[in-house]
Amino acid sequence: MNSFEQVINRRKTRSVKWDLMEMIYEIEDASDILPMWVADMDFAAPRAVIDALHERIDHPIFGYSYMCEGCKTAVQTWLLNRHGWQTQNDWMLFHHGVVPAIATVIETFTQKSDRVLINTPVYPPFFSVPEKQGRQIVENKLLEDNGVYKLDFTSFENQLKQGIKLFIFCNPHNPGGTVWPRKTLQEIIRLCTKYDTLILSDEIHGDLVFPEFKHIPLALLAGAEADRIITCVAPTKTFNLAGVQAAVMIATDPEKREKLKENALSHGQMELSAFAAAALNAAYEHGAPWLDDLMKVLSSHMDYAIEKITKAIPNIKIYKPQGTYLLWIDYRATGLSEESIMKSLLTKGKLALEPGSKYGELGTGYLRMNVACPRATLEDGVQRFIHALT
């Protein structure tokens, strides 16, 4: 059986997606509810990664580990081959996830009450992490055109004029799936240079882009301004390794790297685990064929879900995203409130999706659906969605 067709039981595996629905959705029993919400896949990781973890666990001593030059070279080679970005090993600092890396960058380079700019709608930690650290969130509201988001650069520049210490950029965009074009990236760099704003570019979805589009690392275009950009990448979203917890911060500026290292020391932050190192290395060295196959599966899944749902419920709009494995479902024309549609999905359809309001005010009227699952699971989920709303 094709590994992307295999249905694997994830219940009782400490899975956030499958085992915490009662808590997340405040329901008594989720045993008959299908989760298509949080962004991890229901596919087995690449065989090469599983083999590498088996090899490491067969050595029975699990002492302190470090990220070797081979791990860094694997990242470097991947970024060059996949995205045309020539990095250097000494630009890399490793962290236990992109969200913790974002928190570290905010803490290192901003002070309490500093203004942090984000584009909305956007991944919830872009709001919550700066707020928890006492920073002021400034929202630059994205413009939407037939499912594609665009930056409002007039508003963006006006906000930068008022003093922004850090711009946190989602590249590609989550939840909308927009893969930002070169001109947009160049204008972001130009304006942030003009107003001396540091940029954190979260590129965790950069590998999950369909062939018609091209992810461009922001720092690749920055030239002499690359030092104002800290890029976060990870194998975890690409290869379904979120529980392994591994991410990379890439900073060309040695002074910024030293500050990030000092921050790590101040928190007693250790290197990544032996298992994270093994998984990261194997994924980047051997995972390309698996990823190419995955993208074909995801494209077919999205076509199926969009066709079935919009045909059955004409008031629903779904545009195929340019990247990611997440559908951003527009139900505004149904007239339903978020409370009522979520209730119908959970109680009638027995389906758990994410409400769009989690992504900010502009997300109201949308749902996020994860289609990275075996075809049988997808078809079940689509039928549950249609049943809930018809």
Side-chain angles (χ1 to χ4, degrees), residues 10 15-27 30 32-43 97-99 102 118-129 139 142 144 147 149 170 172-178 202 204-205 208 236-237 240 242-243 298 301-302 305-306 309-310 313 316-321 323-332 334 336-373 377-378 380-389:
R10 297 184 62 191
S15 165
V16 170
K17 182 178 183 179
W18 286 85
D19 294 331
L20 286 186
M21 284 188 288
E22 285 91 351
M23 183 184 75
I24 299 297
Y25 291 95
E26 298 181 342
I27 51 181
D32 59 350
I33 293 178
L34 177 65
M36 299 180 77
W37 63 289
V38 73
D40 72 7
M41 305 187 220
D42 289 323
F43 298 133
V98 167
V99 172
I102 290 172
I118 60 174
N119 302 123
T120 57
V122 76
Y123 182 51
F126 281 38
F127 293 94
S128 61
V129 174
E139 295 185 38
L142 294 171
E144 186 265 336
Y149 281 104
C170 198
H173 183 251
N174 174 19
T178 297
D202 172 2
I204 195 170
H205 290 277
L208 297 164
T236 49
K237 200 67 65 180
N240 203 29
L298 294 179
H301 281 19
M302 287 181 168
I306 292 169
I309 291 172
T310 57
I313 314 169
I316 295 282
K317 287 184 180 179
I318 315 173
Y319 296 96
K320 188 173 184 178
T324 79
Y325 50 76
L326 306 162
L327 289 179
W328 192 228
I329 300 172
D330 182 353
Y331 66 87
R332 290 174 294 176
T334 67
L336 294 170
S337 68
E338 184 171 275
E339 182 181 2
S340 64
I341 199 168
M342 289 298 296
K343 182 178 180 180
S344 293
L345 288 167
L346 286 167
T347 60
K348 185 180 177 184
K350 302 297 182 180
L351 180 67
L353 303 185
E354 283 207 314
S357 63
K358 285 184 64 174
Y359 300 85
E361 180 185 352
L362 290 185
T364 302
Y366 290 84
L367 299 162
R368 196 182 78 162
M369 174 186 276
N370 177 353
V371 302
C373 55
T377 305
L378 173 73
D380 183 17
V382 168
Q383 287 305 312
R384 288 171 185 243
F385 186 97
I386 293 169
H387 176 66
L389 300 182

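Numbering of residues begins at 1 and proceeds along the displayed sequence.
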(Q) Tell me the closest heavy-atom pair linking Asp202 and Val98, and the distance in Å. (A)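 Looks like OD1-CG1, 3.5 Å.
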Q. Which atom pair, heavy atoms only, marks the closest approach of Asn240 to Asp42?
A.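 For Asn240 and Asp42, the tightest heavy-atom pair comes out as ND2-N, 4.5 Å.
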Q) Are any of the side-chain heavy atoms of Phe385 and Ile313 separated by less than 4.5 Å? A)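 Touching, per the 4.5 Å side-chain cut-off.
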Can you measure from [atom1] ([X]) to [atom2] ([Y]) and round to the nearest 0.5 angstrom?
X: Leu208; Y: Tyr325; atom1: CG; atom2: OH; answer: 7.0 Å
X: Tyr123; Y: Ile102; atom1: OH; atom2: CD1; answer: 7.5 Å
X: Glu144; Y: Thr178; atom1: CD; atom2: OG1; answer: 8.5 Å

Q. Which of these passes side-chain contact (heavy atoms from CB on, under 4.5 Å) with Leu327: Leu367, Ile318, Leu353?
A.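 Result: among Leu367, Ile318, Leu353, Ile318 is the only option passing the side-chain contact (heavy atoms from CB on, under 4.5 Å) with Leu327.
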Around [X], counting heavy atoms of other residues, nucleotides and ligands shown, do more than 12 lie under 6.0 Å from its [atom1]?
X: Glu22; atom1: CD; answer: yes
X: Lys348; atom1: NZ; answer: yes
X: Lys317; atom1: NZ; answer: no

Q) When the ring planes of Trp328 and Tyr366 are compared, do they come out parallel, tilted or perpendicular, using 30° and 60° as the limits? A)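 Parallel: the ring planes of Trp328 and Tyr366 meet at under 30°.
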Q: Flag the pair Asp19 and Arg10 as a salt bridge only when some basic side-chain nitrogen lies within less than 4.0 angstrom of an acidic carboxylate oxygen.
A: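 Looking at Arg10 together with Asp19, the answer is no, because their closest N to O distance does not fall below 4.0 Å.
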